[in-house]
Undergrad: 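Please find one structure pasted underneath; my questions will follow.
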Amino acid sequence: SMKKLEQTPGFLSSLLESITERIVVVDPQDYKILYANRAFQATYGQPLVKLLGKTCYEVTHRKDQPCHLTETDCPVKNAFETGNPSSTVHAHVDKVGNREYVRLNAYPIRNPDGNITGVVEASTDITAEMNLQEELRRKSELFEKILTTSPDGIIGNDGMGNIFLF
């Protein structure tokens, strides 16, 4: 059963390695990477041995200071300071230098005494969704400009003949 599975050597490791989201465990005191799963390693083009000891912001943002100093929000810092899960969207830079948008979910890790000893962060690439939202925003603005600047009257109706735009 599940209890036996949890006691199997390497169970947690293989569990984390099989997850397609990028998983990283960070020391909340200095933002150094303590663990990164295969998906995280592949995204940033570095094996675990090279990631260990580097800071999360150095790897994901290619910056030399924590993201809360350069971005609006740091979920690792928030999870550590509040003791609650934290979520945000960041722009990261992948292994070939492409900007990508990721949804970050950070969760505090507590020791048996209840003290937070690390933060696990899961990230998901949402670049395609963000690009679609931007395209929709641009088209909506264009449509609004056409409606407000057109010298001719514009009427829109649906397939049933109902007028929805006048």
Side-chain angles (χ1 to χ4, degrees), residues 1-3 5-141:
S1 71
M2 193 62 182
K3 191 110 179 127
L5 195 57
E6 288 173 3
Q7 294 169 350
T8 305
F11 168 72
L12 285 178
S13 177
S14 68
L15 176 74
L16 291 169
E17 292 304 321
S18 63
I19 294 174
T20 57
E21 281 82 13
R22 302 139 191 192
I23 307 289
V24 64
V25 177
V26 177
D27 182 329
Q29 303 288 348
D30 59 11
Y31 302 101
K32 294 220 169 142
I33 294 173
L34 304 173
Y35 168 81
N37 75 346
R38 198 173 293 135
F40 187 95
Q41 294 170 50
T43 298
Y44 299 105
Q46 297 181 51
L48 183 59
V49 292
K50 285 197 172 181
L51 290 168
L52 295 176
K54 287 186 177 177
T55 61
C56 53
Y57 53 84
E58 176 185 355
V59 174
T60 62
H61 292 272
R62 296 190 182 182
K63 296 203 170 149
D64 59 2
Q65 56 185 342
C67 58
H68 66 273
L69 300 176
T70 57
E71 300 263 343
T72 55
D73 208 13
C74 174
V76 171
K77 182 177 188 289
N78 293 346
F80 176 61
E81 289 180 350
T82 66
N84 296 315
S86 177
S87 181
T88 193
V89 173
H90 275 190
H92 282 178
V93 181
D94 71 10
K95 66 183 171 195
V96 293
N98 294 325
R99 175 197 282 274
E100 63 175 8
Y101 292 97
V102 292
R103 171 159 318 284
L104 303 171
N105 295 302
Y107 308 92
I109 301 169
R110 297 180 188 275
N111 67 13
D113 297 329
N115 298 316
I116 297 171
T117 58
V119 174
V120 61
E121 182 180 75
S123 59
T124 306
D125 183 356
I126 59 165
T127 305
E129 292 90 340
M130 295 292 282
N131 289 342
L132 283 173
Q133 282 181 358
E134 179 59 23
E135 184 179 342
L136 182 61
R137 187 192 61 74
R138 281 196 315 269
K139 287 182 177 179
S140 293
E141 283 178 6

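All values derive from a computational prediction rather than experimental measurement. Quick note: numbers below take in every heavy atom, side chains included, and nothing from hydrogens, waters or symmetry partners.
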Undergrad: Show your working on salt bridge (Lys or Arg N to Asp or Glu O under 4.0 Å) between E58 and R62 and close with a plain yes or no.
TA: CA-CA 5 Å; E58 176 185 355; R62 296 190 182 182; over 6 Å; no
Undergrad: Quick check: does any side chain N or O of N37 sit under 3.5 Å from a backbone N or O of E21, one acting as donor and the other as acceptor?
TA: yes
Undergrad: Side chains of V25 and V119, heavy atoms from C-beta outward: is any pair under 4.5 Å?
TA: no
Undergrad: Between A106 and V76, what is the shortest heavy-atom contact and its length?
TA: CB-N, 4.0 Å
Undergrad: Do R138 and E135 sit within salt-bridge range, that is, some charged N less than 4.0 Å from a carboxylate O?
TA: no
Undergrad: Any chance you could measure N115, atom CG, to D113, atom CG, to the nearest 0.5 Å?
TA: 5.5 Å
Undergrad: Check the pair I23 / V120 against side chain to side chain contact (heavy atoms under 4.5 Å, CB included), numbers first and verdict last.
TA: CA-CA 7 Å; I23 307 289; V120 61; 3.7 Å; yes
Undergrad: Is there a donor-acceptor contact under 3.5 Å from the side chain of D27 to the main chain of Y31?
TA: no
Undergrad: Take atom CZ of R99 as the centre, draw a 6.0 Å sphere, and report whether it contains more than 12 heavy atoms from other residues, nucleotides or ligands.
TA: no
Undergrad: Using side chain to side chain contact (heavy atoms under 4.5 Å, CB included) as the criterion, point out the one residue from P28, P85, S86 that pairs with N78.
TA: S86
Undergrad: Please name the pair of heavy atoms, one in V102 and one in D125, separated by the smallest distance, quoted to 0.1 Å.
TA: CG1-CA, 4.1 Å
Undergrad: Going by atom types only, do R22 and T43 share a side-chain donor-acceptor pair under 3.5 Å?
TA: yes
Undergrad: Any side-chain donor paired with an acceptor under 3.5 Å for S87 and N105?
TA: yes
Undergrad: Kindly compute the distance separating CZ (F80) from CD1 (I109), expressed to the nearest 0.5 Å.
TA: 12.0 Å
Undergrad: Nearest heavy-atom pair of A39 and T20: which atoms, and what distance?
TA: CB-O, 3.4 Å
Undergrad: Hey, is the main chain of Y101 close enough, under 3.5 Å, to the side chain of T127 for a donor-acceptor pair?
TA: yes
Undergrad: Look up atom CG in N131 and atom CD in E100, then write down how far apart they are to the nearest 0.5 Å.
TA: 11.5 Å
Undergrad: Nearest 0.5 angstrom please: D30 CG to T55 OG1, how far?
TA: 8.5 Å
Undergrad: Looking just at side-chain N and O atoms, do Y44 and H92 make a donor-acceptor pair shorter than 3.5 Å?
TA: yes
Undergrad: Over all heavy atoms of both residues, which pair between G53 and K32 is shortest? Give the atoms and the distance, please.
TA: O-CD, 2.9 Å
Undergrad: If you compare all heavy atoms of T60 against all heavy atoms of F40, which two are closest, and at what distance to 0.1 Å?
TA: CG2-CZ, 3.8 Å
Undergrad: Give a yes or no on whether the backbone of D73 and the side-chain of H90 come within a donor-acceptor separation of less than 3.5 Å.
TA: yes
Undergrad: In the structure I gave you, are the side-chain heavy atoms of I33 and V59 within less than 4.5 Å of one another anywhere?
TA: yes
Undergrad: Is a donor on one side and an acceptor on the other found under 3.5 Å between the side chain of R137 and the backbone of L132?
TA: no
Undergrad: Can you confirm whether more than 12 heavy atoms, excluding those of Y35, are under 6.0 Å from its OH atom?
TA: yes
Undergrad: Rounded to the nearest 0.5 Å, what separation is found between the CG atom of L34 and the CG atom of L48?
TA: 10.0 Å
Undergrad: Considering all heavy atoms of both residues, which atom of E121 and which atom of P75 are nearest to each other, and what is their separation?
TA: OE2-CG, 3.4 Å
Undergrad: Atom SG of C67 and atom NZ of K77: how far apart are they, to the nearest 0.5 Å?
TA: 10.0 Å
Undergrad: Just grab all the salt bridge (Lys or Arg N to Asp or Glu O under 4.0 Å) pairs involving residues 35-54, residues at least two apart or on different chains.
TA: E17-R38
